[in-house]
Structures are given as structure tokens and as C-alpha cells.
Amino acid sequence: MNFPGSGPDTASAAATAPVCSAKGCRADAVWVLAWNNPKLHTPERRKTWLACDEHREHLSSFLGVRGFLKDVVTLADWESQDSPPA
């Protein structure tokens, strides 16, 4: 098992690892903020921002003030929703 920064494929893993959507942040994403702009999107449409622990509240507030925020879930939970049942 390779840990971050320990294997020869570190660069390729870093390029594909989800990162926080906050401007200038390159931290690993832990949260998914699902949102939509009701003036542009149908009610069922969900756009997503990713957030690290540090930026989750800031990004949630930004979307919430505008009435865009629909849900906040962990990245693991979000990814498991996309997986077909075993």
C-alpha cells in the first residue's frame, strides 16, 4: 500500500486526487457541497464544489447566503451514492 508521498506514482495520484474548490487551496477534498442556481438550473440539477475541512464553512456560507446550497456530504458518502449496489 502506498501512502501519499511515498510511492513512485505520487505525481499521478496527486493529479487525480480531488482537491478543495476554494481559491488557491490545494488541500485534499473531504466534503461535497451540492448546489444549484434556481435562475439557471432545473430544481433537480446539482452542481458541486469540493471542500477541505478548513474551507467547508466558508464555501457553504457563500452558497447559503445566495440560496444555492442544497446539501453538504462527505466525499466518501457522495462517491458511494454513485456506486451501484453490490
Side-chain angles (χ1 to χ4, degrees):
M1 170 183 249
N2 284 333
F3 293 97
S6 68
D9 60 345
T10 301
S12 64
T16 60
V19 296
C20 181
S21 298
K23 185 176 181 179
C25 184
R26 304 310 305 157
D28 289 344
V30 179
W31 300 97
V32 175
L33 287 65
W35 63 277
N36 80 3
N37 179 339
K39 292 182 180 180
L40 301 176
H41 307 119
T42 60
E44 66 279 353
R45 172 97 187 260
R46 292 294 179 265
K47 307 275 286 176
T48 57
W49 281 356
L50 302 176
C52 63
D53 281 330
E54 181 181 346
H55 291 111
R56 184 189 83 166
E57 186 60 37
H58 171 75
L59 293 173
S60 294
S61 294
F62 180 89
L63 293 168
V65 166
R66 290 156 179 78
F68 295 174
L69 187 62
K70 302 301 178 192
D71 201 9
V72 178
V73 297
T74 65
L75 180 59
D77 286 345
W78 184 267
E79 288 175 338
S80 71
Q81 292 173 9
D82 290 340
S83 301

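In this text, all values refer to a predicted model and were calculated from it rather than measured experimentally.
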For residues 67-75, dump all side-chain donor-acceptor pairs below 3.5 Å to protein atoms at least two apart in sequence or in another chain.
unit_1, atom_1, unit_2, atom_2, d
Thr74, OG1, Asp77, N, 3.1
Thr74, OG1, Asp77, OD2, 3.2

In one Ile/Leu/Val/Met/Phe/Trp/Tyr side-chain cluster, 4.5 Å: Trp35, Trp78: no
So which residues get pulled into Leu40's cluster when ILVMFWY side chains under 4.5 Å apart are joined, directly or through others? none
Which donor-acceptor pairs under 3.5 Å do side chains of residues 55-62 form with protein atoms, sequence neighbours excluded?
unit_1, atom_1, unit_2, atom_2, d
Glu57, OE2, Ser61, OG, 3.4
Ser60, OG, Arg56, O, 2.8
Ser61, OG, Glu57, O, 3.0

Please table the atom pairs, donor to acceptor, closer than 3.5 Å between any side-chain atom in residues 41-51 and protein atoms at least two apart or in another chain.
unit_1, atom_1, unit_2, atom_2, d
His41, ND1, Asn37, N, 2.9
His41, ND1, Asn37, O, 3.4
Thr42, OG1, Glu44, OE2, 3.0
Arg46, NH1, Pro43, O, 2.7

